[in-house]
Amino acid sequence: MSRKFDIKFGTETFKAWYVDKTATARLALQALKPDVLLGLDCETMALPKYHHVSQAALSPHLSSIRLIQIFDGKLSIIIDLLKCKGELLESEIRHLLETRRFIAHNAVFDLAFLKRQFRPRSIDCGCTFIAFKLLAHAARPTDDGLRAGLDAVTKGLCGVEVLKSNQASDWSVPKLTFEQIEYSALDPVCVLKIAEKMAPALEKYKLYDFYNLLKAAQHPIVEMHLNGIGFNSKEHIELVSGWREKLYAAKKILLQQTGLDDITGPKVAKWLETNLEKRILDDWPRTDNGALKTDAITFSDFGAVSPAVKPFGAFQKYKVLTSDFGGKLLQQLNEETGRLHPQYHICGTRTGRLSCSKPNLQQSPRDKDFRSQFVPSKGMVFVGADYSAIEMRVAAEVSRDPAMLKAFKDGLDLHMMLGSEIAGIDIETLPKEKCDRYRQMGKVGNFACIYGAGAKTLASQARKAMDDTSITETQTGEIRDAHRRRWAGYRAWHVKLYEKCMETLRVRTVCGKLRRLAPEFCYGAAPNTIIQGSSAGCMLQSMVLFQQMIDKGLKAKLIATIHDELIAECLPQDANEVKETLEYAMVEGFKRVFPNGCTKNLVEAKIGNNWMELK
DNA sequence: TCTCTTAGCGCG
DNA sequence: AAAGCGCGCTAAGAGA
């Protein structure tokens, strides 16, 4: 039964209108004030056939929208889509979505459902969650204790208490309680109210340009989530059983050697404490709580001095592979699509990168057999590309180091260049058999030193990367010095940035994201934020551009992004066109951030039948 | 039994 | 003078 009632937001009172008749729903839509920004929220419910799936209501493939709530500043309408149906209503909602401006809290969630259910050509929708995170990162040095839920933000910005109990309630019941309806009416009100509070702050911190980029990026990001990625379960199961065998073999040896009942980090630490010689224990690194560290780098560092610690490394590798990537992925396959549907979190990091979860595609092992399990839909191919040495490129662009800039312009190998500096010999005269080793040292040096790593960190990194426990801190101190000589302009930029940062305690990426830093982070995190964050901005721009090409008719789907890599899929006969378009979008995305930047050898896309083949 | 923290590790 | 950074996920262990 349709119902009109009053709702209170603090001291203000607004009208609300719950509608459960199709004809009335159309009247309610027409009652919305024209031309104003609209607060938007949806409540979703699992489809009956997926009631057994936990959290099904969060997946757009396993559930549908129960309520759409829209607030125009005076009136909040709640349309019950379980009761209101029909093509006419659907086309009117689609028209509303295509022609009005909206704002929602964590809009990517609502957008995924709205896109699937109403297929609008586009939706102009801002996001108060993104805005809140941007402001938090600009104002606070850490995220500790930060709550970004709609209720917490409303309390924080407007001082108004709203119960969020409705969010977890069952939205699939045939007849909603009045409480459910009342609270659902309030959600879009909260969104519009906090948006009004945040707008001047975004202006003040000069965050609007970056906010608008993230707002645009919602579209490709929702597409990637909805599209998902194919996964070969059969091959995966075989690979994992191989890992398990290796794990058990390594475990058996260790159990015999140590006499322990199980091999766990804390137990191993205790065993080492009682079994290693004192002179080794004195040098062994410890955790914050005083226990012996039991990580791979420590084992690799001490493998040379004590043969007893060597077998722990291999065990750990397979322990992680089986627990993180064995079986867990299969559980996340979507029952409706049979695919993985990772979630990308806009503003999920303080630098401006995306983060990813359920599953986190970004941490997939580089193992060939593993990556080859990610596949296109039947009859399709992958087209993928990554930015070549994007962080070094951005380091060159922001620092204006003449040697780095020239190296990119001439298409040279920057790792080899640092390698020859370390060797103290010109590249041409460097003996062939020594080239690989020095290049690898140069690579480790380039990646660690731009963020201020010292000899100690560098030594651990080099020992692991080069599988050589004999590398000393004296040697890596020389790598650091060589880096400062070879890229002297970069060093000067870094020092200057550090000094400025210690005064302002803030750093801004080229794309405009502002980050507040604690003083102890001004040395390493400041250059990292600028370089990593601006690189991420290039990718955001390129995703937006590529999706625009798709909207204009390019026959492709966006599938995934892994920081500097973008993957699409298409029919084989369209692959060449898609490949060219992807390269264009990524080069253009870089140029949006660095209009005069060097794009030589920046991107080369590949066509393949699985993720591994794109490398 | 559940929740929270710590240590460790996968990736870029 | 010296200082790697950014995530998400898992198991183990501690505490409520």
Side-chain angles (χ1 to χ4, degrees), chain A residues 137 143-144 262-270 285-300 312-313 315-329 331-332 342-345 347-367 370-371 386-387 389-392 444-461 464 473 476-477 480 483-484 494-495 498 501-502 507 509 513 515 517-533 535-536 539 561-565 611:
Chain A
H137 292 170
D143 276 350
D144 289 352
D262 196 7
I263 306 298
T264 70
K267 285 183 179 176
V268 168
K270 278 182 194 156
R286 290 177 181 270
T287 68
D288 292 342
N289 292 330
L292 293 179
K293 285 190 73 142
T294 57
D295 61 298
I297 280 188
T298 306
F299 287 139
S300 116
F312 289 104
F315 172 78
Q316 242 165 358
K317 182 183 163 186
Y318 290 107
K319 177 93 179 168
V320 168
L321 286 176
T322 50
S323 67
D324 287 17
F325 306 103
K328 289 284 192 302
L329 283 170
Q331 291 169 20
Q332 311 208 40
Q343 293 178 7
Y344 294 91
H345 308 285
C347 229
T349 74
R350 298 176 66 78
T351 58
R353 268 189 177 177
L354 301 176
S355 72
C356 179
S357 64
K358 298 175 193 174
N360 180 2
L361 216 60
Q362 296 169 336
Q363 62 179 158
S364 301
R366 302 188 77 230
D367 183 319
F370 185 83
R371 293 214 171 184
D386 53 7
Y387 281 124
I390 186 70
E391 295 202 6
M392 286 298 286
V444 172
N446 274 333
F447 280 127
C449 290
I450 51 170
Y451 306 130
K456 202 170 149 190
T457 308
L458 213 42
S460 286
Q461 300 267 328
K464 201 185 172 198
E473 281 184 37
T476 52
R480 182 203 53 203
H483 189 273
R484 290 178 185 181
H494 183 186
V495 170
Y498 168 63
C501 225
M502 285 298 279
V507 60
T509 68
K513 187 171 192 300
R515 178 181 176 187
L517 290 171
E520 61 269 32
F521 285 94
C522 289
Y523 188 78
N528 179 261
T529 302
I530 293 184
I531 293 168
Q532 186 187 98
S535 306
M539 182 53 86
T561 176
I562 304 94
H563 302 307
D564 64 348
E565 183 178 7
W611 188 6

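Numbered from 1 within each chain, the chains take letters A, B, ... in sequence-line order.
- Remark: C/dG4 base-pairs with no nucleotide in the shown strands. Criterion, Watson-Crick or G-U wobble with two distances under 3.5 Å.
- Between A/Thr264 and C/dA12 there is no side-chain polar atom (N or O) within less than 4.0 angstrom of OP1 or OP2.
- Following rounding to the nearest Å, A/Met502 (CE) and C/dA1 (C1') show an atom-to-atom distance of 14 Å.
- One interatomic measurement links the two molecules: CZ of A/Arg515 to C1' of C/dG6, which rounds to 8 Å at whole-angstrom precision.
- When distances are taken from the side chain of A/Asn289 to each of C/dC5, B/dA7, C/dA2, the shortest belongs to B/dA7.
- Residue A/Ala296 is in sugar-phosphate contact alone, with no base atom involved, counting any heavy-atom pair closer than 4.0 Å across all strands shown.
- Here the nucleotide nearest the side chain of A/Lys293, chosen from B/dG8, C/dA3, B/dG10, is B/dG8.
- Ring pair A/Tyr523/A/Tyr498 is perpendicular by interplanar angle, where above 60° counts as perpendicular and below 30° as parallel.
- Heavy atoms of A/Thr349 sit under 4.0 angstrom from primed sugar atoms or phosphate atoms, though from no base atom.
- We find that NZ of A/Lys464 is positioned 14 Å from C1' of C/dG4, with the value rounded to whole Å.
- Nucleic acid contact for A/Gln316: sugar-phosphate only, since backbone atoms but no base atoms lie under 4.0 Å from a heavy atom of the residue.
- A/Asp143 has its CG atom 8 Å from the P atom of C/dC7, to the nearest Å.
- Positionally, the nearest nucleotide of DNA chain C for A/Leu458 lies more toward the 5' end than for the other of A/Lys328 and A/Leu458.
- Between A/Arg480 and C/dG4 there is no side-chain N or O to OP1 or OP2 distance below 4.0 Å.
- If you check every strand for non-hydrogen atoms under 4.0 Å, A/Arg286 touches nothing.
- Evaluation of atom-type donor-acceptor distances gives a pair under 3.5 Å for the side chain of A/Arg353 against the base of B/dG12.
- Using a 4.0 Å heavy-atom distance criterion, A/Phe370 is classed as making no nucleic acid contact.
- Using a 4.0 Å heavy-atom distance criterion, A/Cys449 is classed as making no nucleic acid contact.
- Taking only side-chain atoms of A/Ser323, from C-beta outward, the nucleotide of B/dG12, C/dA11, B/dC9 with the closest atom is C/dA11.
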